[in-house]
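Given the structure is predicted, the values throughout are model-derived calculations rather than measurements.
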Amino acid sequence: MNPAKPGETARTPWIVGVSGASGTPYAAAVLRALLQAGESVDLVISRASRLTLLDETGISFRDAHWQEDLRGWLARGADGKPGTFEVDVDDVRHWSAGDLAAGPSSGSYPSKGMLIVPASTACVAGVALGLSKDLLQRAASVTLKERRKLVVAVRETPLNGQTLRHLVTLDDAGATVLPASPAFYAGATHIQDLVDFVAGRVLDAAGVGHSLYRRWEGELGGGSRTI
């Protein structure tokens with residue numbers, strides 16, 4: 001992408017990191033909603049997450065064809081049906097997870113913050129310990145040191161003591177720890193509804209507007225009437 005010209009607004013993206021945990025539909029829903037909200041996205045997909053994506057969707061994410069593969073992924077519903085969504089990925093920039101010289105590896109690179117969706121326990125540990133073993137972990141560490149928003153949608157169960165301590169470390173550092181836990185009061189009738197609830201809560205934590213789920217309004221039984 002070209003740098004902003006004088007008088008133009010500089011591109012300030014959300015960095016979205018996808019780790020190897022199960023839950024690629026959560027990442028897809030977050031990406032679609034960010035783009036629909038007019039947000040720019042810098043995408044980092046870990047090596048392990050490519051295996052998960054292949055297993056959960058049948059899509060092989062390739063650096064040389066990343067736009068084609070991303071379109072195919074984001075068009076797919078949570079039930080695996082292709083062509084469910086129409087998505088424009090023109091404002092997505094992809095960085096290889098092995099590129100430690102990439103823009104998001106530096107605090108001087110502008111971003112609004114970072115969303116890790118889903119976050120594996122290995123990713124949580126790497127960020128909490130400051131390992132920066134790949135671009136995803138490095139970008140998260142940069143996000144914390146620059147005091148930008150970091151949302152970590154951890155997707156694992158059960159959680160052992162070590163992981164819980166790592167999550168507390170992230171919370172102490174200013175991150176928002178957001179377990180990928182769907183709720184049922186919104187009247188879910190489809191797996192996509194449950195996925196969208198978690199994606200919506202991620203965007204809530206980031207302060208990005210959306211209409212992914214029905215919000216609680218203090219009326220008992222409201223969700224059941226939508227079924």
Donor-acceptor contact below 3.5 Å, side chain [X] vs main chain [Y]:
X	Y	answer
Asp193	His190	yes
Arg214	Tyr185	yes
Arg76	Gly80	yes
Ser105	Ala102	yes
Glu56	Gly23	yes

Please identify each residue that fulfils ring pair (Phe, Tyr, Trp, His ring centres under 6.0 Å) with His210, with sequence neighbours left out. Tyr213
In terms of hydrophobic clusters joined by side-chain contacts under 4.5 Å, are [X] and [Y] together?
X	Y	result
Ile45	Leu150	no
Ile59	Leu43	yes
Val44	Val92	no
Val208	Leu212	yes
Leu53	Val18	yes

Would you mind listing every salt bridge (charged side-chain N to carboxylate O under 4.0 Å, His left out) that reaches into residues 195-212, with sequence neighbours excluded? Arg201-Asp204, Asp204-Arg215
I need the [X] [atom1] to [Y] [atom2] distance, nearest 0.5 Å.
X	Y	atom1	atom2	result
Asp172	Arg165	CG	CZ	13.5 Å
Leu136	Ser49	CG	OG	8.0 Å
Thr176	Lys149	OG1	NZ	6.5 Å
Ser46	Lys133	OG	NZ	8.0 Å
Thr143	Arg138	OG1	CZ	10.0 Å

Restricting to salt bridge (Lys or Arg N to Asp or Glu O under 4.0 Å), what partner residues turn up for [X], sequence neighbours left out?
X	answer
Asp63	Arg50
Asp42	Arg11
Glu146	none

By side-chain hydrogen bond (donor to acceptor under 3.5 Å, both in side chains), which residues pair with Ser40, not counting sequence neighbours? Asp91
Beyond-backbone contact of [X] with [Y], side-chain heavy atoms, under 4.5 angstrom:
X	Y	result
Trp95	Ile15	no
Tyr109	Val142	no
Phe85	Gln192	yes
Val87	Val89	yes
Phe61	His94	yes
Leu170	Val127	yes

How about Gln137 and Ser132: does a side-chain donor come under 3.5 Å of a side-chain acceptor? no
Which heavy-atom pair separates [X] from [Y] by the least distance, and what is that distance?
X	Y	answer
Phe184	Leu194	CE2-CD2, 3.8 Å
Ala205	Val151	CB-CG2, 3.9 Å
Ser60	Asp69	O-OD2, 3.0 Å

Verify the neighbour count for atom NZ of Lys145: are there more than 12 heavy atoms of other residues, nucleotides or ligands below 6.0 Å? yes
Which of Val198, Ile191, Val195 passes side chain to side chain contact (heavy atoms under 4.5 Å, CB included) with Pro182? It is Val198
Can you list, pair by pair, the side-chain donor-acceptor contacts under 3.5 Å of residues 25-37, counting residues two or more places apart and other chains?
| residue | atom | partner | partner atom | Å |
| --- | --- | --- | --- | --- |
| Arg32 | NH1 | Leu74 | O | 2.9 |

Pairing residues for [X] by the side chain to side chain contact (heavy atoms under 4.5 Å, CB included) criterion, not counting sequence neighbours:
X	value
Ser106	Ser108
Asn160	Gln162, Thr163
Leu129	Leu131, His166
Lys81	Asp79, Thr84

Compile the donor-acceptor pairs under 3.5 Å between side chains in residues 110-124 and protein atoms, sequence neighbours left out, one pair per line.
| residue | atom | partner | partner atom | Å |
| --- | --- | --- | --- | --- |
| Ser111 | OG | Arg148 | NH1 | 3.4 |
| Lys112 | NZ | Glu39 | OE1 | 2.7 |
| Ser120 | OG | Cys123 | N | 3.0 |

Side chain to side chain contact (heavy atoms under 4.5 Å, CB included) between Leu178 and Val154, intermediate numbers included: CA-CA 6 Å; Leu178 195 151; Val154 61; over 6 Å; no
